[in-house]
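What follows is a single structure, written as structure tokens, with notes after it.
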Amino acid sequence: MSQSFSLYIPTNSGMHRLHPLTKLALVFLCLVLGLFLPGVWLSYATFALIIIPSALWGGVLPRLLSALFKTALPIALSLFLIQGLFWPGGTPILHLGPLSFKEEGLYFSIQRTGRFIMIIGSFLLLTFTTRPDELMLALNRHGIPNSITYIILSTMQIIPRFQAKANTILDAQRSRGLETEGNVLVRIRALLPLIQPLLLGSIVDIDERAIALEVRAFGRKGPRTSLLTLHDTPAQRIARWLMLLAAVAVIAWGIYLWLAPRFIA
Amino acid sequence: MNLVIDDVGFTYPGGAEALRGVSLRIQGGESIAFIGENGAGKTTLMKHLNGLLKPSRGRVTVDDWDTREHTVAKLAARVGFVFQNPDDQIVERTVIDEVAFGPRRLGQSETDALANSVAALEIVGLSDESRTHPYDLSASQRKLMTLASVLAMRTPVVIFDEPTMGQDARGLKLIGDIVEELKREKRIVLIITHDIDFCSAHFERVVAMADGRVLIDGPTAEVMARADLLATTNVEPPQLVRLAQALGLPVAPLTIDGLIAALPR
Amino acid sequence: MIRLADVTYRYPRATVPALDGLSFEVSTGQFCAVIGANGAGKTTLCSALAGFVPQFYRGTITGSIEVAGLNVVESPLADIAGTVGLVFSNPFNQITGARFTVRDEIAFGLENMAVPVAEMEPRIEEIMRFAGLEGLADRSPFALSGGQQQRLAIASVLVMRPKVVVLDEPTSQLDPVGAKEVFSVLRSLATTAETTVFMAEQKLEWVAAFADRVLVLHQGKLVADGPPGEVLASPDLGRYGLQPTRYTQVARAAQLAGLRSADTPLPVTLEQAVEFFN
Ligand SMILES: Nc1ncnc2c1ncn2[C@@H]1O[C@H](COP(=O)(O)OP(=O)(O)OP(=O)(O)O)[C@@H](O)[C@H]1O
Ligand SMILES: Nc1ncnc2c1ncn2[C@@H]1O[C@H](COP(=O)(O)OP(=O)(O)OP(=O)(O)O)[C@@H](O)[C@H]1O
Ligand SMILES: [Mg+2]
Ligand SMILES: [Mg+2]
């Protein structure tokens, strides 16, 4: 729940128990597959063949799909309408009265939607099944400095923190008579007065948190210990290397495909 | 106006069962202090009265309104609520706008809203700060400002969560005077406090809570005389009562004069 | 252990100083309370002892502050942190958000200090027991009541075993027994572990019963300094916006009513009051 300021869904699946870096490597490979190779369908394939089964294994598939649906649908719709209908000088393939969908525009929209789904999907997969503090620790152990892993942690917390702060402010406002519950119109109208206190409140929070961290010697240099323990296995270690190698290979292949026509010309 | 809490149970989404069957009847013009150990469920119970929380079981009614059937914003016309953490309650950029937020949303005319706000700021002694940014006030001033912002709503029911937190002698006297004035106006005043001396100085009825239930509910002098029962919810009787007990006096005095009168001559 | 020499501090843009010519020393293992009206400068003084004033809040400071051998005005905050523990008053913003359970939140400071895990666990168990947090170890630190969060804030700092503990109204949300327990734990830390305790408080009954010494701040100036029995019974208290304990008040009323002799010293604690009246 939002109270814990993380999107993590605490269940005890095999996916949850994987070493955080194994999951990070998997997500990295997905991103590389979907972004570095040309063509329309690869990102869909990555999503269908890697992300969906992993989410299923982690028991977070329904939540992942619903979150994805909410974010991707509006974007996909606007892509298809705007790019599909108004692609300059494209080949019309479908007529809607005076307007027509252009082949190039649809192609472009399908590709972008696929990438979007794949990027958001892998981010959700990682955050739903990985405790942020464990990820931070795993990165620390691999030589990433605390200050950087802390930024990663904070980034993973931005959405739930904003949600929690927004809820606090909405509670304050409705307790004093501002209607925030009801139909879409009421809720949209309640958004405007929320923005300013939300931004200011968040800045104040950041300041206070900086002090709280400092008091606990977070800024101290040198080694650290950890109460958390991470479980790793030789198989996972090998899998991580393989995934990394695969990713590097895909990147190299992608660069080759991109450069080759230019050299030939 | 009367409030009825009927066998209310509440469990937080995270799992904590915060209320386990609370029943209370509060008549118009009554004032009650809620005391009891940390985590007893005091804040949770009060949040049911303005509808911020809805009972998992049982019923809460504010006069003829079942809180489940009305929005918080609507209930705000009847129940004003000052939060435990003043920072949870800041939504505007100047003290005067902050205080006027409620009155304006509740449909008071602009002149009335301002007049009520100016009067409320006067009562808490913050007239000189009306153009200050709420975050620039000290914590104790901020608490007083939140009191003013609820007073200005002029609701028939007023709830203060820990109003005396961090106040000095002057602040205590001020808040005591506010409570007395509200009592004179026959409004329902409910406060949560750990300041037992404050509670016994201003309230005739006390409800002591423990572990999500009502432990004792009765006239202040009677409740305060039951030291052993209070001890089970981490409360010690007021200083005067403890002194009377230590001296072996057969009374539970709530005032200095009361104790002096009971001293053997 | 704590030494201030002629410290004057102004917040940025402030016209009057928040701390005005403060000089005092607190020796090792002393439990020193600071009291004063709202705005007297208690919070500012506590922040100054941990270096946040002026290092975080900016502003201008003159004079010198030395705590546990550190010049806290200039030493990096990271060096001060392990040595000087600071508990500030609003419990709602002392949770780091870097950890996700109450137990891990308490461990966070120890981890940063590189305390070995084997040593960490018993220390955490012990502090949770004292703070009354046992049942809540696996709860999210944000899903707590106000008082439970304040207990967590205190526990998270005490578990680091700083040489000097500075607490700014640490009991404002605690239930009455909880507040008394905090005082009593600090008392025993000072007595047995030689921890120096510096605490801003409004709860004069417990200040009277547990502290070795009381400082009174008024508009940034040190206006009284002495043992609780002396400072808290002083007729000047009212001038500084403070109210003596009920014990003192009722004793004074008894003297005025001619029920007790006017030369008996006024009590500040329950025990003294019992003695006074018997
Ligand atoms: N947001 C929350 N999520 C989950 N549990 C909560 C939340 N807030 C409070 N609780 C739990 O519910 C119980 C009652 O909390 P509540 O805040 O009502 O206590 P309280 O009597 O007001 O205590 P205090 O005196 O410390 O403010 C406690 O056990 C607490 O841990
Ligand atoms: N961040 C700040 N910026 C500017 N002035 C400040 C700031 N914090 C405090 N002050 C001012 O410094 C003075 C001392 O404030 P401080 O908070 O130290 O008092 P306090 O004794 O802790 O009061 P309280 O009992 O209200 O907590 C006050 O006049 C206050 O207005
Ligand atoms: Mg509470
Ligand atoms: Mg203060």
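Computed from a predicted structure; not experimentally measured. Just so we're on the same page: letters track the sequence lines, and every chain starts at 1.
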Handout entry: Pick from C/Pro176, C/Ser145, C/Pro91, C/Gly146 with the largest number of heavy-atom pairs that fall under 4.5 Å of chain B
Key = C/Pro176

Handout entry: chain B contact via C/Leu259 - which portion, at a heavy-atom distance below 4.5 Å
Key = side chain

Practice task
Give, as side chain, backbone, both or neither, the part of C/Glu169 having an atom under 4.5 angstrom from any heavy atom of chain B.
Solution key: side chain

Completion exercise
Nearest heavy-atom approach of C/Pro267 to C/Phe276 is CD-CD1, 3.8 Å

Fill in the blank from the handout: So, the part of C/Thr245 with a heavy atom under 4.5 Å from chain B: the answer is both

Practice task
Please look at B/Leu243 and chain C and tell me whether the side chain, the backbone, both or neither of the residue comes under 4.5 angstrom of a heavy atom of that chain.
Solution key: both

Completion exercise
On a heavy-atom basis, the closest approach of B/Ile192 and B/Met46 is CD1-CG, 3.5 Å

Exercise for the section: Name the region of C/Ser172, side chain, backbone, both or neither, that has any atom closer than 4.5 Å to a heavy atom of chain B. Expected result: both

Fill in the blank from the handout: Bottom line for B/Gln167: the part with an atom under 4.5 Å from chain C's heavy atoms is both

Problem - Top contributor to chain C contacts, counting heavy-atom pairs under 4.5 Å, from B/Gly36, B/Ala169, B/Gly41 - result: B/Ala169

Problem - Gap separating the CZ atom of B/Arg242 from the CD1 atom of B/Ile196, nearest 0.5 angstrom - result: 9.5 Å

Problem - Sidechain N-carboxylate O distance under 4.0 Å for B/Lys42, B/Asp161 - result: no

Practice task
Could you tell me how the ring of C/His218 sits relative to the ring of C/Tyr240: parallel (under 30°), tilted (30 to 60°) or perpendicular (over 60°)?
Solution key: tilted

Problem - Among B/Ala231, B/Pro264, B/Ser140, residue most engaged with chain C (heavy-atom pairs, under 4.5 Å) - result: B/Ser140

Exercise for the section: Please look at C/Gln173 and chain B and tell me whether the side chain, the backbone, both or neither of the residue comes under 4.5 angstrom of a heavy atom of that chain. Expected result: both

Handout entry: Closest-packed option against chain B by number of heavy-atom pairs under 4.5 Å, given C/Val250, C/Val177, C/Asp175
Key = C/Asp175

Exercise for the section: Identify the heavy atoms of B/Pro134 and B/Val95 that sit nearest to each other, and give their distance. Expected result: CD-N, 4.1 Å

Fill in the blank from the handout: Among B/Gly166, B/Pro238, B/Ser138, B/Ala246, the residue with the most heavy-atom pairs under 4.5 Å to chain C is B/Gly166

Handout entry: Pair C/Tyr247, C/Glu205: side-chain N/O donor-acceptor within cut-off below 3.5 Å
Key = yes

Handout entry: Residue part contacting chain C, namely of B/Ala16, when any heavy atom lies under 4.5 Å
Key = both

Completion exercise
Assert top hit (heavy-atom pairs under 4.5 Å, partner chain C, pool B/Asn85, B/Ile260, B/Ile256) equals B/Asn85

Exercise for the section: Please confirm whether the backbone N or O of C/Ala179 pairs with a side-chain atom of C/Thr171, one donor and one acceptor, at under 3.5 Å? Expected result: no

Problem - B/Thr43 versus chain C, the contacting section by heavy-atom distance below 4.5 Å - result: neither

Handout entry: Nearest-0.5 Å distance that lies between atom CZ in C/Phe142 and atom CD in C/Gln149
Key = 7.5 Å

Completion exercise
Whatever's closer than 4.5 Å to a heavy atom in chain B on C/Lys180 counts as side chain

Exercise for the section: Between chain C and each of B/Asn38, B/Asp87, B/Ile35, count heavy-atom pairs under 4.5 Å; write down the option with the most. Expected result: B/Asn38

Completion exercise
dist C/Leu174:CG -> C/Gln150:CD (nearest 0.5 Å) comes out at 4.5 Å

Completion exercise
So CD of B/Glu37 and NE2 of B/His194: to nearest 0.5 Å the spacing works out to 10.0 Å

Practice task
Using a cut-off of under 4.5 Å on heavy-atom pairs, state which of C/Gln249, C/Gln243, C/Glu201, C/Arg246 scores highest against chain B.
Solution key: C/Arg246

Handout entry: Structural part of B/Asp195 lying under 4.5 Å from a heavy atom of chain C
Key = neither

Exercise for the section: Answer yes when C/Arg103 and C/Asp138 have at least one side-chain N-carboxylate O distance shorter than 4.0 Å, and no when they do not. Expected result: yes

